Amino acid sequence: MYTLGKLIVPNTKNYSFIEPKQERSKKRFEEVLKTAEFIYTNQKDYALSVQDISKLSGMKRPSIYKFFPSNESIHEALSYKYATDLFKLIQKNLNNLQYKDNKELIKVVIDVCAIYANKNYPLSNLVFNQFSKEFILNNIEDLIEQKNNEEQAKFKLTLNVLMSCLGDYLNQEGSITPRYISETKKICLLYLSN
């Protein structure tokens, strides 16, 4: 049986966005993210910019730059938010079940990722970028105690494969269908069986 650890939320000092500490600043920070979410949700293939967020939110650009020094930092903060939400769902599902092996765990991770992606599309694309994939994979690895290095390396590669497959399916089709979920499970379980 595998044991589950705690959520490892990385220190946001490593990222380009600056998480505020004061309540008033937190509200402004969240308002920027809500506006960015609105843009992503309602305008396909839209280039996210501080200037556009300023116009839509009514906030002055210097106030936005205080937390987000670049357009990319807004994207990074959204990715961080959605990756954290997804990982918490994965953790919750894993905490509710007892696992005998990695095969059972992989099935649950695939199901949770697919359901989350389909429910939150188009924002779910933020979960399948490189930044978010690394965040989620590192946290899942830390969550599960592995028996040995070989098993750990195999599990890590399997997690990378599942995130890549689901991300590709999402980008190609706009959703992750039951067929794609089944195919991803087959690929991952076949690799884990060898």
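Start at 1 with the first residue, then count along the sequence. Small disclaimer: the values here were computed from a predicted structure and weren't measured.
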Practice task
Would you kindly confirm whether Val108 and Leu89 end up in one hydrophobic cluster when ILVMFWY residues are joined by side chain heavy atoms under 4.5 Å apart?
Solution key: yes
Fill in the blank from the handout: Looking only at heavy atoms, the pair that brings Lys66 and Ile18 closest together is O-CD1, 3.5 Å
Exercise for the section: Quick one: do Glu30 and Lys81 satisfy side chain to side chain contact (heavy atoms under 4.5 Å, CB included)? Show the steps, please. Expected result: CA-CA 11 Å; Glu30 285 301 316; Lys81 176 183 176 182; 4.3 Å; yes
Handout entry: Close side-chain approach of Lys88 and Thr84, heavy atoms under 4.5 Å
Key = yes
Practice task
Determine, using the 4.5 Å side-chain heavy-atom cutoff (strictly less than), whether Ile39 and Val127 are members of one ILVMFWY cluster.
Solution key: yes
Handout entry: His75 side chain to Tyr80 side chain, donor-acceptor N/O pair below 3.5 angstrom
Key = no
Exercise for the section: Might you confirm whether atom NZ of Lys156 has over 12 heavy atoms from other residues, nucleotides or ligands at distances under 6.0 Å? Expected result: no
Practice task
Return yes if a side-chain donor-acceptor contact under 3.5 Å exists between Ser16 and Glu76, otherwise no.
Solution key: yes
Completion exercise
Interatomic distance, OG1@Thr184 vs CE@Met163, rounded to 0.5 Å, equals 11.5 Å
Completion exercise
Correct closest heavy-atom pair for Ala117 and Phe128 would be CB-CE1, 3.8 Å
Fill in the blank from the handout: When rounded to the nearest 0.5 Å, the distance separating CZ of Arg61 from CG of Asp52 is 10.0 Å
Practice task
Determine, using the 4.5 Å side-chain heavy-atom cutoff (strictly less than), whether Ile115 and Leu94 are members of one ILVMFWY cluster.
Solution key: no
Problem - Least distance between heavy atoms, Phe29 atom then Glu19 atom - result: CE1-CA, 4.3 Å
Exercise for the section: Would you check if Tyr116 and Ile90 make a side-chain contact, meaning some heavy-atom pair closer than 4.5 Å? Expected result: no
Completion exercise
Rounded to the nearest 0.5 angstrom, the CD-CG distance for Glu31 and Leu56 is 10.0 Å
Exercise for the section: Would you please test Lys185 and Asp111 for side chain to side chain contact (heavy atoms under 4.5 Å, CB included) and show each step? Expected result: CA-CA 9 Å; Lys185 285 180 183 178; Asp111 288 339; 2.8 Å; yes
Exercise for the section: Answer yes or no: is there a donor N or O on one side and an acceptor on the other, between the side chain of Ser57 and the main chain of Val32, under 3.5 Å? Expected result: no
Practice task
Measure centre to centre between the rings of Phe67 and Phe17, then say whether the value is under 6.0 Å.
Solution key: no
Handout entry: Residue pair Thr177 / Tyr169, side-chain heavy-atom distance below 4.5 Å
Key = no
Exercise for the section: Return the minimal non-hydrogen interatomic distance between Leu33 and Ala77, and the atom names on each side. Expected result: CD2-CB, 3.8 Å
Handout entry: Contact check, side chains of Ser124 and Asn118, non-hydrogen atoms, under 4.5 Å
Key = no
Problem - Exercise: do Ser193 and Lys103 side chains pair donor with acceptor under 3.5 Å - result: yes
Handout entry: Cluster check Leu189, Tyr191: I/L/V/M/F/W/Y, side chain < 4.5 angstrom
Key = no
Practice task
Would you confirm whether Ser54, through its side chain, and Met59, through its main-chain N or O, come within 3.5 Å as a donor-acceptor pair?
Solution key: yes
Completion exercise
Separation between OG (Ser164) and CG (Leu157), nearest 0.5 Å, reads 9.5 Å
Handout entry: Minimum heavy-atom distance Ser132-Leu126, with the two atoms named
Key = OG-O, 2.7 Å
Exercise for the section: Given side chain to side chain contact (heavy atoms under 4.5 Å, CB included), test Ile187 with Cys165 step by step and report yes or no. Expected result: CA-CA 9 Å; Ile187 292 166; Cys165 287; 4.1 Å; yes
Practice task
Report the C-alpha separation of Arg24 and Arg28 in whole Å, then their side-chain angles, then the decisive distance to 0.1 Å, and conclude whether the side chain to side chain contact (heavy atoms under 4.5 Å, CB included) test is met.
Solution key: CA-CA 7 Å; Arg24 183 173 157 217; Arg28 279 192 261 149; 3.7 Å; yes
Practice task
Output yes when a side-chain donor or acceptor of Thr41 lies under 3.5 Å from a complementary backbone atom of Phe38, and no otherwise.
Solution key: no
Handout entry: Any side-chain donor near an acceptor of the partner, Gln172 and Tyr180, under 3.5 Å
Key = no
Handout entry: Closest approach of Cys113 to Leu166 (non-hydrogen atoms, all atoms of both residues)
Key = CB-CD1, 3.6 Å
Exercise for the section: Mind checking the CD-NZ spacing from Gln51 to Lys55? Nearest 0.5 Å is all I need. Expected result: 4.5 Å
Problem - Lys92 atom NZ: more than 12 heavy-atom contacts under 6.0 Å - result: no
Handout entry: Any donor-acceptor pair under 3.5 Å from Asn102 side chain to Phe155 backbone
Key = no
Practice task
Could you check if a side-chain atom of Tyr82 sits within less than 4.5 angstrom of a side-chain atom of Glu37, using non-hydrogen atoms only?
Solution key: yes
Practice task
Could you check if a side-chain atom of Ile106 sits within less than 4.5 angstrom of a side-chain atom of Leu162, using non-hydrogen atoms only?
Solution key: yes
Practice task
Drop me the distance from Ile110's CD1 to Thr158's OG1, to the nearest 0.5 angstrom.
Solution key: 9.0 Å
Practice task
Answer with yes or no whether the side chains of Asn71 and Ser49 bring together a donor and an acceptor at under 3.5 Å.
Solution key: no
